[in-house]
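Side-chain atoms are counted along with the backbone in the values below, which use heavy atoms only and exclude waters and symmetry mates. A quick note: this is a predicted structure, and the numbers were derived from the prediction, not measured. Sequence lines set the chain letters: A, B, ... in the order given, protein chains first and strands last, and positions in each chain run from 1.
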Number of protein chains: 2
Amino acid sequence: MRRDIFQAIADPTRRAIIALIALQAMTPNAIAENFNTTRQAISKHLRILTECELVKQEQEGREIYYSLELEKMKEIDKWLSQYRKIWETRFNQLDNVLATIKKQKK
Amino acid sequence: MRRDIFQAIADPTRRAIIALIALQAMTPNAIAENFNTTRQAISKHLRILTECELVKQEQEGREIYYSLELEKMKEIDKWLSQYRKIWETRFNQLDNVLATIKKQKK
DNA sequence: TATATGTGCAACCAATCAGTTTCACAAATT
DNA sequence: AATTTGTGAAACTGATTGGTTGCACATATA
């Protein structure tokens, strides 16, 4: 099933999961311990995150380790970059204005 | 009303609105012309975007101009930066590995 | 082999969401 | 003064969401 990354990161619990598994892979049970919900609710969140490939799984015996797929996070960065370009340009323009003012003062 | 930015950008129509008004302020009518929905639906999206301060309004007679609040977009960038840090570190680590391999070849 | 453990899936439910239609109202135009 | 134009708000609707409970099933452990 296709999934939208932006819709995936819209939920605060899912963002917290992402933060948790960013540095080390974790099992659903271990992840669920950090939240005030059932294991099944976390399992559903993990399914959504996996479906949009923000998270990958690795089976190890009966345990499944979930970890962050950083490559996919870059897609958000890519989307954001078009706006970053704008605010950097505006910042430079402001910089020029300030430089001009400074010059005129001299 | 408080609003979550991530929930606001989850909707594809709202992301399209953001893209539209990123470079120039626009009225709801002008924005709605670009979509296949009613003006009222766009009005609702604009309300949500305004509530989380991703978008600001400027009244001009009976017209209201909506434009992007770049400052707020930076909050997404800030959230993303913790993960950018990780992928940059990993990239450098990979870089070191490659450098070592290259050295050994010599 | 019997039991415990780790996990995903399906069915259900209340809440929220995105959209429509209808209305209200102020500012511009005739 | 009457009409048109630009807009937001309210009420309603079907779809989606996040959560729960109950179940199934494979892998460990006793």
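Put simply, CD on A:Glu63 is 14 Å from C1' on C:dA4, counting in whole angstrom units. Distance CG (A:Asp4) to P (C:dA18): 12 Å, rounded to an integer number of Å. The separation between B:Ile17 atom CD1 and C:dG19 atom C1' is 13 Å, rounded to whole Å. Here the C1' atom of nucleotide D:dA28 and the CD atom of A:Glu60 are 14 Å apart, to the nearest Å.
Positionally, the nearest nucleotide of DNA chain D for A:Arg14 lies more toward the 5' end than for the other of A:Gly61 and A:Arg14.
For B:Met73 against B:Ile18, the heavy-atom pair with the smallest separation is CE-CG2, 4.2 Å. Summarising the geometry of A:Leu68 relative to A:Leu54, their closest heavy-atom pair is CD1-O, 3.3 Å, with the distance given to 0.1 Å. The two atoms that bring B:Ala8 and B:Arg14 nearest to each other are O-NE, 2.6 Å, heavy atoms only. Between B:Asn34 and B:Ala30, the shortest heavy-atom distance links the atoms ND2-O, 2.9 Å. Taking every heavy atom of both residues into account, B:Ala32 and B:Arg39 meet most closely at CB-CA, 4.0 Å.
By the 4.0 Å N-to-carboxylate-O rule, A:Lys72 lies too far from A:Glu69 to be salt-bridged with it.
A donor-acceptor contact under 3.5 Å is formed by the side chain of B:Arg62 with the base of D:dT5.
The 12-atom threshold is exceeded at CZ of B:Arg3, counting heavy atoms of other residues, nucleotides or ligands nearer than 6.0 Å. Other residues, nucleotides and ligands contribute only 12 or fewer heavy atoms inside 6.0 Å of the CD atom of A:Glu58.
Of the residues in residues 33-58 of chain B, those lying under 4.0 Å from DNA chain D by heavy-atom distance are B:Arg39, B:Gln40, B:Ser43, B:Arg47.
Contact check, B:Gln7 against C:dC17: a side-chain N or O comes under 4.0 Å of OP1 or OP2. Within the 4.0 Å cut-off from OP1 or OP2 of C:dT5, not a single side-chain nitrogen or oxygen of A:Asn29 is found.
Remark on the helix from C:dT1-D:dA30 to C:dT30-D:dA1: inter-end axis angle 10°, axes from five-pair C1' superpositions, rounded to 10°.
Under the 4.5 Å side-chain contact rule for hydrophobic residues, A:Ile9 and A:Ile48 do not share a cluster.
If you check every strand for non-hydrogen atoms under 4.0 Å, B:Tyr66 touches sugar and phosphate atoms only.
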